[in-house]
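The structure appears right after this line, and notes come after that.
Below, read A as the first sequence line, B as the second, and so on, with proteins coming before strands; counting in each chain starts at 1. Values reported hereafter were calculated over all heavy atoms of this structure, with side chains retained and with hydrogens, waters and symmetry mates removed.
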Amino acid sequence: MKKRNKIIIISLSSFFLLVLITVIHIILVVDTSPVENGNIQLTRVDLKEDINENEGRPIQTYLRNIEGVTQTVLNTTDNNIVIGFDNNVTSIAKIGEDLNNRYPDKTTMYIPTAAEMAGTCPVINRNTTTYKMIASIKNIL
Amino acid sequence: MLAVTLFFASCKDDDPVTTPTLYDELGGTAMVSDPNNAGTQIEKGRLGIRSVVDSTIFIIAGDSRLTKFFPVLLSEVGAGNLSGFAVLSKNLTDFISIGAGAKNYTYNGKNMKDAHDPAKNSRMALKAANVDMDAFIDDVVKGAKKVGVPDAQIAKVGVVLESLRADIVQQ
């Protein structure tokens with residue numbers, strides 16, 4: 001009985017120690033300083049045909065007139081346009097829909113696959129309770 | 001007597017001539033409006049560096065030689081949450097600002113070696129090779145030219161980047 005209690009106490013202590021180490025690690029690595037471009041997000045539209053500057057410019061102009069789009073960069077080597085947008089105003093789906101209505105069958109919105117994303121760590125969501133707790137603890141420290 | 005006093009005063013050692021840093025050349029600590037954040041001010045040197053960084057990230061996001069390293073850059077996040085672009089822009093701007101001579105900012109990220117080691121940085125998808133570093137520098141030059149940075153300053157940024165090659169290239 002005594003031996004069983006000892007094992008339980010050691011197991012629980014080890015568990016709580018590991019949880020504590022994880023929490024301290026998360027607090028240390030999460031950057032809570034303000035981000036200047038916080039609402040700007042990127043997406044990319046891939047063009048289905050080879051395109052030059054002159055052919056790409058009208059598509060860029062169309063994109064820049066979509067509400068919420070802040071910047072576009074045309075890449076004629078890889079046939080794509082990188083789009084910057086305010087994610088409080090529009091979304092990848094909305095931009096893709098507008099583009100497909102104007103240029104049907106000419107463009108595809110690039111969405112990273114699950115396999116591509118599996119190799120990288122996403123940015124922490126600053127709207128989550130976990131993040132808010134970490135930020136509060138960092139403020140106290 | 002006045003002439004002698006002025007002569008010695010002009011030769012005092014406690015008033016050394018300081019060489020302007022790259023940060024100074026880009027505008028230094030003078031405060032200007034931040035075009036991306038209405039109603040806020042930003043140091044002109046930092047704004048210059050952030051403009052180059054953001055312009056470069058746009059070019060990288062469309063460059064098939066480098067997109068394999070940055071899938072998180074083009075992934076969707078919910079409205080109001082930080083995107084991969086926002087975080088990469090901040091980290092690179094912090095790092096380069098300090099390297100260029102900024103005094104009022106801190107870089108809280110990993111050192112260059114760890115930041116480019118997939119085993120130590122889960123946001124780094126693969127190890128970079130020399131050819132990837134060449135493509136990155138090529139995109140930085142394009143990004144800097146796009147926002148009108150003079151060739152002399154671009155050359156200085158190139159020197160800083162080349163000094164980091166040994167830490168960044170890990171295959």
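- Taking chain A as the reference chain and counting heavy-atom pairs below 4.5 Å, the highest number among B/Ser55, B/Ala61, B/Ser89, B/Pro118 is found for B/Ala61.
- Between the side chains of B/Asn130 and B/Arg165, at least one donor-acceptor pair of N or O atoms lies under 3.5 Å.
- The closest side-chain donor-acceptor pair between A/Asn39 and A/Asn87, if any, does not fall under 3.5 angstrom.
- For the pair A/Lys48 and A/Asp46, the salt-bridge criterion is not met [side-chain N within less than 4.0 Å of a carboxylate O].
- Within the 4.5 angstrom heavy-atom criterion, only side-chain atoms of B/Asp54, from C-beta onward, approach chain A.
- With no hydrogens or angles considered, a side-chain donor-acceptor pair links A/Asp78 and B/Ser64 at under 3.5 Å.
- Only the side chain of B/Ile42 has a heavy atom closer than 4.5 Å to any heavy atom of chain A.
- For A/Ile83, the part lying near chain B is the backbone, with the side chain staying farther off; criterion is any non-hydrogen pair under 4.5 Å.
- A side-chain N or O of A/Gln60 and one of A/Thr72 form a donor-acceptor pair less than 3.5 Å apart.
- With a threshold of 4.5 angstrom between heavy atoms, B/Thr40 does not approach chain A through any atom at all.
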